[in-house]
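Residue numbers start at 1 and run along the sequence shown. Please read all numbers here as calculations on a predicted model, not as lab measurements.
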Amino acid sequence: MDVESYAASMFAYCPYLEASMARGMTGWTVYEVVPGACREAVEAELFHVAVQAAEWVRPLMRRRHGALACENIVILGDAADADHSEVMAWPHWALKHLYGPVGVMFGKFAQCARECDRFGQSIPPAPVSFLPVRASVRSRDPQFLHDTPDLAQSLAGADDDGRDVFEHIPCDWKAVRAWAASLPVPQRR
């Protein structure tokens, strides 16, 4: 799959992407859904793949040009009972809350979905669904979290002190999802 041309079209919207790609710090991991898999199984696998990506990004963040570290998890195939937007929702929500305090940012882009930038301008639709996992930009990223002010504040003051983000929660998808369900609901404007 050709993600290079899509990524290049995003340079205007993501000021760090071009430098990240030029330095070889943007990676792409493909997660292929097992045919017939149910939503819950796909969510669990996607969550675990994203945790691996986050743990790969964390030590890179402390290196020179570490702010450019990014791993994108591409989703291929479909769950039997949910679309990509649905299977990304819970893992994305939980991951943002687990890793925000240590400065790892998560995004989500569904294939062909129409998205707008912070100025309301349309951005190119993604050719594939993917979860970006990257070093946060503390001065800019909290603006993407205006619907979750506690999370924005946590990310703005993030410090990766090497803590285990699963210190108080088992790294089991059902336990993580139950924990994530207890978090404050986004306050839509």
Side-chain angles (χ1 to χ4, degrees), residues 14 16-17 20 25-31 33 37-63 66-75 79 82 84-110 115 126 129-188:
C14 180
Y16 300 94
L17 183 57
S20 177
M25 296 188 74
T26 300
W28 298 87
T29 296
V30 175
Y31 165 66
V33 177
C38 70
R39 176 183 184 160
E40 186 175 316
V42 175
E43 287 175 341
E45 288 296 318
L46 190 56
F47 175 77
H48 287 287
V49 170
V51 166
Q52 289 175 338
E55 292 301 329
W56 178 79
V57 165
R58 285 178 76 182
L60 296 177
M61 292 175 5
R62 291 187 291 274
R63 296 183 183 171
L68 302 175
C70 179
E71 185 67 23
N72 298 288
I73 302 163
V74 175
I75 305 166
H84 288 179
S85 292
E86 293 169 322
V87 297
M88 289 189 294
W90 274 110
H92 176 257
W93 178 246
L95 291 159
K96 287 190 327 183
H97 285 276
L98 282 168
Y99 284 94
V102 295
V104 178
M105 181 75 169
F106 288 83
K108 63 180 164 126
F109 294 89
E115 303 273 348
S129 296
F130 69 101
L131 285 171
V133 182
R134 63 175 176 78
S136 70
V137 180
R138 288 163 190 83
S139 61
R140 299 182 73 144
D141 285 340
Q143 72 187 346
F144 295 118
L145 304 171
H146 52 80
D147 292 339
T148 51
D150 292 343
L151 184 55
Q153 184 178 359
S154 174
L155 188 65
D159 176 36
D160 193 349
D161 54 8
R163 77 185 84 163
D164 177 1
V165 299
F166 293 100
E167 182 178 4
H168 303 292
I169 310 165
C171 186
D172 168 76
W173 175 237
K174 288 184 181 187
V176 170
R177 184 164 176 176
W179 167 79
S182 73
L183 298 169
V185 177
Q187 300 168 356
R188 304 275 181 223

Next on the checklist: Among residues at least two apart in sequence or on other chains, which ones pass side chain to side chain donor-acceptor pair (under 3.5 Å) with Asp159?
Outcome noted: none

Item to check | For Ser154, side-chain contact (heavy atoms from CB on, under 4.5 Å) partners two or more places apart | outcome: Pro101

Next on the checklist: How long is the straight-line distance from CE of Met105 back to CG of Leu151, given to the nearest 0.5 Å?
Outcome noted: 7.5 Å

Next on the checklist: Pair Trp173, Trp90 - check side chain to side chain contact (heavy atoms under 4.5 Å, CB included), show working.
Outcome noted: CA-CA 10 Å; Trp173 175 237; Trp90 274 110; 3.8 Å; yes

Checklist entry - To the nearest 0.5 Å, how far apart are CE in Met88 and CZ in Phe109? => result 9.5 Å

Next on the checklist: Applying salt bridge (charged side-chain N to carboxylate O under 4.0 Å, His left out) as the test, list every pair that has at least one member in residues 173-186; sequence neighbours left out.
Outcome noted: Glu40-Lys174, Glu43-Arg177

Item to check | Partner residues of Ala158 under the side-chain contact (heavy atoms from CB on, under 4.5 Å) criterion, sequence neighbours left out | outcome: Arg138

Next on the checklist: Using 0.5 Å steps for rounding, measure from the CD1 atom of Ile75 to the CD atom of Glu45.
Outcome noted: 12.0 Å

Checklist entry - Any donor and acceptor pair, going by atom type alone, linking the side chain of Arg58 with main-chain N or O of Asp160 inside 3.5 Å? => result no

Checklist entry - Going from CD1 on Ile73 to CZ on Phe47, what distance comes out if it is rounded to the nearest 0.5 angstrom? => result 11.0 Å

Next on the checklist: If you compare all heavy atoms of Thr26 against all heavy atoms of Ser20, which two are closest, and at what distance to 0.1 Å?
Outcome noted: OG1-OG, 2.5 Å

Item to check | Stepwise side chain to side chain contact (heavy atoms under 4.5 Å, CB included) test for Tyr16 and Arg134 | outcome: CA-CA 11 Å; Tyr16 300 94; Arg134 63 175 176 78; over 6 Å; no

Checklist entry - Does any pair with a residue in residues 91-109 pass salt bridge (charged side-chain N to carboxylate O under 4.0 Å, His left out), and if so which ones, sequence neighbours excluded? => result none

Checklist entry - Is there a donor-acceptor pair closer than 3.5 Å between any side-chain N or O of Glu71 and the backbone N or O of Thr29? => result yes

Item to check | Spacing of CG belonging to Leu60 relative to CG belonging to Leu68, to within rounding of 0.5 Å | outcome: 11.0 Å

Checklist entry - Would you say Val42 and Tyr31 make side-chain contact, with heavy atoms under 4.5 Å? => result yes

Next on the checklist: Let's go through Leu98 and Ile169 carefully: what are the C-alpha distance in whole Å and the side-chain angles of both, what is the deciding distance for side chain to side chain contact (heavy atoms under 4.5 Å, CB included) to 0.1 Å, and is it a yes or a no?
Outcome noted: CA-CA 10 Å; Leu98 282 168; Ile169 310 165; 3.8 Å; yes

Item to check | Residue of the set Val104, Leu155, Val133 for which side-chain contact (heavy atoms from CB on, under 4.5 Å) holds with Tyr99 | outcome: Val104

Next on the checklist: Counting only heavy atoms not in Arg62 (residues, nucleotides, ligands), do more than 12 fall under 6.0 Å from its CZ?
Outcome noted: yes

Checklist entry - Can you list the residues that meet the ring-ring contact (aromatic ring centres under 6.0 Å, His included) rule with Trp28, with sequence neighbours excluded? => result Phe130

Next on the checklist: Can you confirm whether Trp93 sits close enough to Thr148 that some side-chain heavy atom of one is under 4.5 Å from a side-chain heavy atom of the other?
Outcome noted: yes

